[in-house]
There are 2 protein chains.
Amino acid sequence: MEPIDLFKALSNETRLNILHWLKEPEKHFPKQQAHLPKEVSIKGGVCVGDIQEKAQASQSTVSHYLNMMQKAGLLESVRYGQWTYYRRNDELIRQLAEYLHTEI
Amino acid sequence: MEPIDLFKALSNETRLNILHWLKEPEKHFPKQQAHLPKEVSIKGGVCVGDIQEKAQASQSTVSHYLNMMQKAGLLESVRYGQWTYYRRNDELIRQLAEYLHTEI
DNA sequence: ATTATAAATCGAAAAAATTCGATATGTCAA
DNA sequence: TTGACATATCGAATTTTTTCGATTTATAAT
């Protein structure tokens, strides 16, 4: 866990929104997992296009954000066909909250 | 509480260190409060010069950091004579940790 | 094979953060 | 009241982040 990279990733409204949306994907992305057959359902995962649409930023920007958040450990991704699904890494977010009131 | 400003303030190693040092001031600043008579002791407060010395950055940089952290709410300051003492705002740090695992 | 679609990567312009030395301001001591 | 010291503020150079459109890569459908 690299706290500084995590805090940097959290220092942006759009990225913070994405993380928040992914907390309740079915609520914020109604047409969730439209491309996925049930057998390969990725729990809590949303594809880049759906996130981009909601985030109101360019495709490259959103892709970059998601990549940065994944590198920091906040998200994890699974590719299915031409789609990449991103979901939260709740365990790391929990660790960060813990770090915040022990180390910091 | 402005989470983005808080995360920005935390996105820097020196600032993170300062916050950490101020968690146990007597441990990290041995000659603590040398200029203060006991009557006006500021619990947990350390003056800018002592922080600067430990942080190994220029005076203006450290002053700027402390100001930014105070604006974000992470620190509070008290002036005594020509010295400004900074200490942690533990309540806000607690709130941020809480926000992290409820909102985010 | 060709075409269409999703996502990643590239390259660059603009905006913001970092960091410093110099200067200003406020306070204390002689 | 002058000089010394602590801190804040200013102005600027450098670095980093933001953000985009264009291109590339990977996969799917015809």
Side-chain angles (χ1 to χ4, degrees), chain A residues 2 4-18 22 29 31-37 40 42 45-72 74-87, chain B residues 2 4-19 22 29 31-37 39-40 42 45-72 74-87:
Chain A
E2 286 295 335
I4 290 176
D5 291 338
L6 285 165
F7 290 132
K8 277 187 189 168
L10 296 169
S11 300
N12 174 285
E13 182 155 25
T14 300
R15 293 193 296 265
L16 223 44
N17 283 337
I18 291 172
L22 290 177
F29 302 94
K31 57 172 181 176
Q32 200 204 169
Q33 299 188 359
H35 324 291
L36 277 183
V40 280
I42 292 155
V46 178
C47 73
V48 178
D50 289 354
I51 297 173
Q52 190 217 329
E53 190 181 343
K54 196 165 172 73
Q56 298 270 54
S58 78
Q59 190 269 321
S60 56
T61 296
V62 171
S63 181
H64 178 210
Y65 282 0
L66 294 171
N67 183 254
M68 144 191 297
M69 290 167 84
Q70 180 177 30
K71 271 186 183 155
L74 290 168
L75 301 180
E76 44 195 22
S77 72
V78 180
R79 178 142 212 181
Y80 178 73
Q82 38 185 168
W83 291 276
T84 304
Y85 285 79
Y86 283 90
R87 68 179 162 211
Chain B
E2 286 296 335
I4 291 177
D5 291 338
L6 285 165
F7 290 132
K8 277 187 188 168
L10 296 169
S11 300
N12 175 285
E13 183 155 24
T14 301
R15 292 192 298 264
L16 223 46
N17 283 338
I18 291 172
L19 210 54
L22 289 178
F29 303 94
K31 55 170 182 177
Q32 198 206 169
Q33 299 188 0
H35 323 292
L36 279 182
E39 312 87 79
V40 282
I42 292 156
V46 178
C47 72
V48 178
D50 289 355
I51 297 172
Q52 190 217 327
E53 189 181 343
K54 198 167 171 70
Q56 297 271 53
S58 77
Q59 189 269 320
S60 57
T61 296
V62 172
S63 181
H64 178 210
Y65 282 0
L66 293 171
N67 183 253
M68 144 190 297
M69 291 167 85
Q70 180 177 30
K71 273 185 182 153
L74 290 168
L75 300 181
E76 44 195 20
S77 71
V78 180
R79 179 141 211 184
Y80 178 74
Q82 36 185 170
W83 292 277
T84 305
Y85 285 80
Y86 283 89
R87 66 178 163 212

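Everything numeric here is computed off the predicted structure, so don't read it as measured data. Per chain, numbering begins at 1; letters A, B, ... match sequence-line order.
Nucleotide dT27(D) holds its P atom 13 Å from the OH atom of Y80(A), rounded to whole Å. One atom, CH2 of W83(A), and another, P of dA8(C), lie 14 Å apart when rounded to the nearest Å. Here dT16(D) presents its P atom at 14 Å from CD of E13(B), a figure rounded to the nearest Å. Between Y85(A) atom OH and dA7(C) atom P there is a gap of 8 Å when expressed in whole angstrom units. For F7(B) and dT17(D), the CZ to P distance is 17 Å, given to the nearest whole Å. Summarising the geometry, the separation between CE on M69(A) and P on dT17(D) is reported as 16 Å, rounded to the nearest angstrom. Remark: P of dT18(C) and CG of L66(B) are 14 Å apart, rounded to the nearest angstrom. The separation between N67(B) atom CG and dT9(D) atom C1' is 10 Å, rounded to whole Å.
Annotation: side chain to side chain contact (heavy atoms under 4.5 Å, CB included) contacts of Q56(B) (sequence neighbours excluded): none. The side chain to side chain contact (heavy atoms under 4.5 Å, CB included) test applied to S58(B) returns S60(B), T61(B), not counting sequence neighbours.
Under the 3.5 Å distance criterion, the side-chain polar atoms of E76(B) are left unmatched by any main-chain donor or acceptor of Y86(B). Between the side chain of R15(A) and the backbone N or O of N17(A), no donor-acceptor pair lies under 3.5 Å.
Nearest heavy atom pair, residue Q70(B) against residue S77(B), reads NE2-OG, 2.9 Å. Listed here is the closest heavy atom pair of L10(B) and I4(A): O-CG1, 4.5 Å.
Note on T84(B): only backbone sugar-phosphate atoms sit closer than 4.0 angstrom, heavy atoms only; bases stay farther off.
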Subject >> Letter per nucleotide, 5' to 3', of nucleotides 19-26 of chain D [B base touched, S only sugar-phosphate touched, - untouched; heavy atoms, 4.0 Å] >> reply: BBBB----

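Checked against dA8(C), dT18(C), dA6(C), the side chain of M68(B) finds its nearest nucleotide in dT18(C).
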